[in-house]
Amino acid sequence: MASTALESTSPHDWRYTAEGGANLVLSFVGARGPFTGKLLRLRKKKLAYATGLIPDEVDVEFGRRIIKPLLGEEQIVDMERVAVSKGWLVALKAALSGSEARPAHRAAEDEVDEDAGVVVLAEDLVHGEGVMAIEIKPKWGFLPSATYLSSSSRDIKTTYCRFCMHSYMKKAKSNPALAIEEHQEGYCPLDLYSGDDRRIGRAVEALWRAWELSEGAANNLRFFYEGVRVEPEEPASVAHLHSFLTGVSPLPSPIHSPSASPLPFTSSPYTLSLLVSILVPILLASPLLATLATLQASLDPLDIEGVSSQLGLHLDDDSQPPSPLLSSQPTLQEWIAWLAGRETAEAADSSSTDHRSVLLSYLLSATFKDCSIFIRLAPKPKGAALLGDASTSLNFSASVKAIDLDPKPLSRLPKYYDLDRRIVEAWKTMLEERGAEGIRKCAEGV
Ligand SMILES: O=P(O)(O)O[C@@H]1[C@@H](OP(=O)(O)O)[C@H](OP(=O)(O)O)[C@H](O)[C@H](OP(=O)(O)O)[C@H]1OP(=O)(O)O
Ligand SMILES: Nc1ncnc2c1ncn2[C@@H]1O[C@H](COP(=O)(O)OP(=O)(O)OP(=O)(O)O)[C@@H](O)[C@H]1O
């Protein structure tokens, strides 16, 4: 795509959709044309730093050359880098700031980087009339193998998953009793990844409760209707979600339900039961969650503890100088050579022990542990309904894709080690104080 075509669009043709820690996303809402159904992913920079702590530019080639072969073409979003002038980015930024669409806590921290020189143009998964898009950030889908874990963490890390313990640590800062209460019924990624319909249903229910409880701020579940975020606190917004789900769910209407006390038509539990009835078969039919869990685990066979001890990185010892192994961020060429080496090793049924290769594997695992998936439900054109679709009701089609698959910086390894240590310490303290009796465990598989 030529930058002149992009720069001929008005900054007001791009509407704020969402943002993460590193990127801000604008959807095209101008007149029908080449940008219909596209979005712009813009790099942000921290307000407090001249050069941001935010990782390097989104590397579209990393997606094409590394992620695509591993996840499969169908499971990812096509992206393209387009060079743009500073003037155009400045105008875009001014329109965005006039719209006051950004959450205050984000706007206080960072801004669009007008010096980026480049933007990413991608398929917009939330765009379209009558389209409901459901975004889930599933996080870590496996328990580590015991082999390289220290004696002090082994039992804990092979019994409770990283997400559950991390959630506890975050919430316990303000209210430890509530944090453990929420753990008991809270979202566990191992349920979502289990391949078992009842456990997936339980995970969706827990995600929904966290979405409601956090007033939409929790980052593991989001809904977008016709490109606009659904907010649990806004009745009109939730009504869209409810009527959409009613239209596509295979569940009978509660009016005709044989249940003695049917749930009120628009109650949250009823909307949730519709959601579960739609999402579970779609997630079971898609290979994406299983592929993500397999990649996360197979690329991280040592755990961060094993990476540190086996590679002599001394991540547990602040007095040691940083290992030279961590000094250079992998280039695209190195990633390509790593992938080729991995395929050769797989063909020969051997595993690589080259230190740099172990590090790259761990980093890539971190990418898959932090990505999100989008379930896009789009109305089928009239007439196509009769053809049906096994994964959803007759009049809608569903696609499941992963987003946010950027490489992580190698310099983050010490952070990973430190965070892991703090997560386990917090959990251990809780177990020592309360005892393990009755605390929900996490289990892999069906
Ligand atoms: O370490 P984690 O598990 O907290 O993951 C971070 C995420 O936190 P959360 O999912 O809320 O727990 C965090 O998410 P939020 O910004 O909190 O929404 C980021 O995704 C971060 O990655 P990056 O800095 O954008 O490269 C993530 O950092 P990485 O661990 O992927 O480097
Ligand atoms: N292709 C897409 N279609 C629709 N919405 C998208 C798309 N890509 C990103 N988004 C929305 O924009 C948000 C931020 O995008 P992205 O995850 O790329 O940012 P990030 O800064 O890398 O996030 P994180 O901090 O989680 O790493 C996503 O959570 C999602 O809501």
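Here the structure is a predicted model, which means the values were calculated and not measured. We count ligands from 1, going down the list as the structure has it; atoms in each ligand are counted the same way.
- Ring pair Trp427/Tyr160 is tilted by interplanar angle, where 30° to 60° counts as tilted.
- Counting only non-hydrogen atoms, the option in Val25, Leu24, Asp370 that gets closest to atom 15 (O) of ligand 2 is Val25.
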Problem set entry | side-chain contact (heavy atoms from CB on, under 4.5 Å) evaluation trace for Thr294 with Phe142 | CA-CA 8 Å; Thr294 304; Phe142 69 104; over 6 Å; no

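- Any N or O atom pair closer than 3.5 Å counts here, and Trp140 shares no such pair with ligand 1.
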Problem set entry | side-chain hydrogen bond (donor to acceptor under 3.5 Å, both in side chains) between Ser153 and Glu305, intermediate numbers included | CA-CA 10 Å; Ser153 74; Glu305 290 188 59; 2.6 Å; yes

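- The two residues Glu114 and Lys45 have their closest heavy-atom pair at OE1-NZ, 3.6 Å.
- Each of the following atoms of ligand 2 lies closer than 4.0 Å to a heavy atom of Asp124: 3 (N), 4 (C).
- For Ala101, the side-chain contact (heavy atoms from CB on, under 4.5 Å) partners two or more places apart in sequence, or in a different chain, are Tyr16, Ser99.
- Between Phe396 and Phe244, the ring centre distance stays below 6.0 Å.
- Considering backbone and side-chain N/O atoms, Lys137 comes within less than 3.5 Å of an N/O atom of ligand 1.
- Here the shortest heavy-atom distance to atom 22 (O) of ligand 1, taken over Glu19, Lys369, Lys408, belongs to Lys408.
- Listed by atom number, the atoms of ligand 2 under 4.0 Å from Glu19 heavy atoms are 14 (C).
- Which parts of ligand 2 touch Arg222 is read off a 4.0 Å heavy-atom cut-off, strictly below it: atoms 29 (O), 31 (O).
- For ligand 1, the atoms sitting less than 4.0 Å from at least one non-hydrogen atom of Lys170 are 9 (P), 11 (O), 12 (O), numbered in the order shown with element in parentheses.
- Of all atoms in ligand 2, numbered sequentially from 1 with element shown, those under 4.0 Å from a heavy atom of Leu39 are 1 (N), 2 (C), 3 (N), 4 (C), 5 (N), 6 (C), 7 (C).
- Residue pairs meeting the salt bridge (Lys or Arg N to Asp or Glu O under 4.0 Å) criterion with at least one member in residues 159-185, sequence neighbours excluded, are Lys171-Glu182.
- Of the protein's non-hydrogen atoms, Asp404 OD2, 2.7 Å is the one closest to atom 27 (O) of ligand 2.
- Summary of contacts: the protein heavy atom closest to atom 1 (N) of ligand 2 is Glu123 O, 2.9 Å.
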Problem set entry | Pair Glu123-Leu125, side-chain contact (heavy atoms from CB on, under 4.5 Å): steps then yes or no | CA-CA 6 Å; Glu123 173 192 352; Leu125 295 170; 3.5 Å; yes

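- Residue-ligand proximity: Thr17 is placed with every non-hydrogen atom at 4.0 Å or more from ligand 2.
- At a heavy-atom cutoff of 4.0 Å, ligand 1 is contacted by no atom of Asp406, backbone or side chain.
- Against a heavy-atom cut-off of under 4.0 Å, Gly20 is close to the following atoms of ligand 2: 14 (C), 19 (O), 20 (P), 21 (O), 23 (O), 25 (O).
- Using bins of under 30°, 30° to 60° and over 60° for the plane-to-plane angle, the ring pair Trp211/Trp208 lands in the tilted bin.
- At least one heavy atom of Lys415 sits under 4.0 Å from some atom of ligand 1.
- Those atoms of ligand 2 with a heavy atom of Ile403 less than 4.0 angstrom away are 8 (N), 9 (C), 10 (N), 28 (C), 30 (C).
- Under a 4.0 angstrom heavy-atom cut-off, Phe163 registers as lying outside contact with ligand 1.
- Ala18 CB, 3.7 Å is the protein heavy atom nearest to atom 13 (C) of ligand 2.
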For this session: Start with the C-alpha gap between Ile134 and Phe374, add the side-chain angles, then the distance that decides, and say whether side-chain contact (heavy atoms from CB on, under 4.5 Å) holds.
Result: CA-CA 6 Å; Ile134 303 163; Phe374 257 106; over 6 Å; no

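- Close approach of ligand 2 to Gly21 is summarised as follows: ligand atoms under 4.0 Å from at least one heavy atom of the residue are 21 (O), 23 (O), 24 (P), 25 (O).
- Which parts of ligand 1 touch Leu419 is read off a 4.0 Å heavy-atom cut-off, strictly below it: atoms 1 (O).
- Distances below 4.0 Å separate heavy atoms of Val126 from the following atoms of ligand 2: 4 (C).
- Contact atoms of ligand 1 toward Lys139: 2 (P), 3 (O), 5 (O), 7 (C), 9 (P), 10 (O), 12 (O) (distance under 4.0 Å to a heavy atom of the residue).
- Between Phe163 and Tyr187, the distance separating the two ring centers is shorter than 6.0 angstrom.
- Using 4.0 Å as the threshold, Lys401 has no heavy atom nearer than that to any atom of ligand 2.
- Counting atoms of ligand 1 from 1 in the listed order, those under 4.0 Å from a heavy atom of Asp370 are 5 (O), 6 (C), 7 (C), 10 (O), 19 (C), 20 (O), 21 (C), 22 (O), 27 (C), 31 (O).
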